[in-house]
Protein chains: 2
Amino acid sequence: MSKHIDSDFRATLKQAGLQVTAQRLAVYRAVKACPHIMADEIISTVESEIGTISRQAVYDALNAMSDHGLIRRIQPAGSAALYEHRVDNHHHLICRNCNAVVDIDCAVGEAPCLIADDNHGYAIDEAEVVYWGICPDCRT
Amino acid sequence: MSKHIDSDFRATLKQAGLQVTAQRLAVYRAVKACPHIMADEIISTVESEIGTISRQAVYDALNAMSDHGLIRRIQPAGSAALYEHRVDNHHHLICRNCNAVVDIDCAVGEAPCLIADDNHGYAIDEAEVVYWGICPDCRT
DNA sequence: TGGATATTCTGGACTGAGTCAATAATCATG
DNA sequence: CATGATTATTGACTCAGTCCAGAATATCCA
């Protein structure tokens with residue numbers, strides 16, 4: 001079944017003008033398997049799958065893929081960058097205690113959060129929303 | 001006139017149960033003078049004012065003050081932590097090009113952004129919004 | 001005023017996340 | 001298959017921030 005993902009993703013990589021390599025496929029599979037994963041978790045996941053990969057290759061793959069919109073990087077305050085394969089408009093809800101992250105569909109519609117009272121002359125293209133709270137498990 | 005700020009802030013520190021020190025006053029003055037300032041800029045600012053201060057003292061002061069709600073820390077993706085003296089409900093608009101940050105008053109009211117479609121069982125206490133765009137100066 | 005106690009400051013070592021740069025391997029394409 | 005362009009590997013390095021232990025200060029209370 002990972003065959004499917006792979007062949008789909010091979011095409012996606014090519015369309016983006018990126019070469020298809022074992023490392024990139026493995027990195028993508030890791031992100032797909034575990035959304036909101038950190039770079040070093042990706043390294044271990046990929047290592048246990050592919051055998052070995054350099055840290056740099058992982059970062060290169062992650063940067064290339066997120067630059068081309070194939071994956072998305074989120075950087076919550078106080079933690080390392082997380083990667084996810086969902087690239088549509090959605091937001092995140094993070095537990096202050098255990099840092100668990102869940103996806104939140106956009107409350108209002110397509111790109112709703114772009115409305116600010118006063119844009120100060122900026123050309124706003126994205127509104128990033130992070131909800132902070134305590135997850136069910138941590139509400140002892 | 002900085003006398004005013006100082007004596008007000010002395011009281012605020014005491015109310016928060018924190019001791020009043022020259023370093024803390026200086027750090028607070030730096031944050032007040034330049035909102036959205038980074039830690040190492042604070043160090044230089046304070047050094048040119050007080051003469052010398054240790055990095056640790058600055059971080060301690062910043063952590064203590066933000067823990068007690070005297071200042072606010074924001075950590076936009078891809079940059080170091082920024083500190084500001086506004087502690088009320090407001091959001092930020094950041095230029096993708098030059099990283100300029102401006103405050104945005106909360107579009108809807110007091111704590112409006114707390115409405116998420118599905119809270120997944122979380123007890124949500126804050127919604128943090130970051131608007132990304134291009135500032136007037138960078139729109140060549 | 002003068003300690004006793006709690007808190008803060010200092011300087012240096014250290015960590016973790018991520019980047020840089022040079023070399024080696026691999027791919028794409030004629 | 002030759003050649004140039006991408007991608008991987010390796011190792012050094014940066015940057016932001018924390019940890020630690022001893023020295024210095026501030027606050028409280030008699």
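In what follows, every chain begins at residue 1, and chains take the letters A, B, ... in the order their sequences are listed. Heavy atoms only: backbone and side chains are in, while hydrogens, waters and symmetry mates are out.
A 4.5 Å side-chain heavy-atom check between B/L70 and B/F9 finds at least one atom pair inside the cut-off. Using a 4.5 Å cut-off on side-chain heavy atoms (C-beta onward), A/D103 and A/E84 make contact. Inter-residue side-chain proximity for A/D137 and A/N97 is flagged as unmet; no heavy-atom pair is nearer than 4.5 Å.
Side-chain atoms of B/R24 come within 3.5 Å of backbone atoms of B/Q19 as a donor-acceptor pair (strictly under, hydrogens ignored).
Where the helix from C/dT1-D/dA30 to C/dG30-D/dC1 starts and where it ends, the local axes point in directions that differ by 30°; five pairs per end, rounded to 10°.
Note on A/V20: nothing from the nucleic acid sits closer than 4.0 angstrom, heavy atoms only.
With rounding to whole Å, A/I50 atom CD1 is found 17 Å from D/dT7 atom P. Counting to the nearest Å, the C1' atom of C/dT19 and the CG atom of A/D67 are 14 Å from each other. In this structure, the CZ atom of B/R73 is 12 Å from the C1' atom of D/dT18, given to the nearest Å. The interatomic distance linking A/L62 (CG) with D/dA8 (C1') rounds to 14 Å, in whole Å.
Ring geometry for B/H92 versus B/H36: interplanar angle over 60°, hence perpendicular rather than tilted (30 to 60°).
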- Task: Could you give me the CA-CA distance, side-chain angles and deciding distance for A/L62 and A/V31, then say whether side-chain contact (heavy atoms from CB on, under 4.5 Å) is met?
- Result: CA-CA 10 Å; A/L62 291 172; A/V31 172; 4.3 Å; yes

Counting primed atoms, P, OP1 and OP2 as sugar-phosphate and everything else as base, the B/S/- map of nucleotides 6-18 of chain C against protein heavy atoms under 4.0 Å is -SSSBB-B---SB

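Residues forming a side-chain hydrogen bond (donor to acceptor under 3.5 Å, both in side chains) with B/R86 (at least two apart in sequence, or on another chain): B/D88, B/D105.
For the 3.5 Å distance criterion, the side chains of B/N63 and B/R73 qualify, holding a donor opposite an acceptor.
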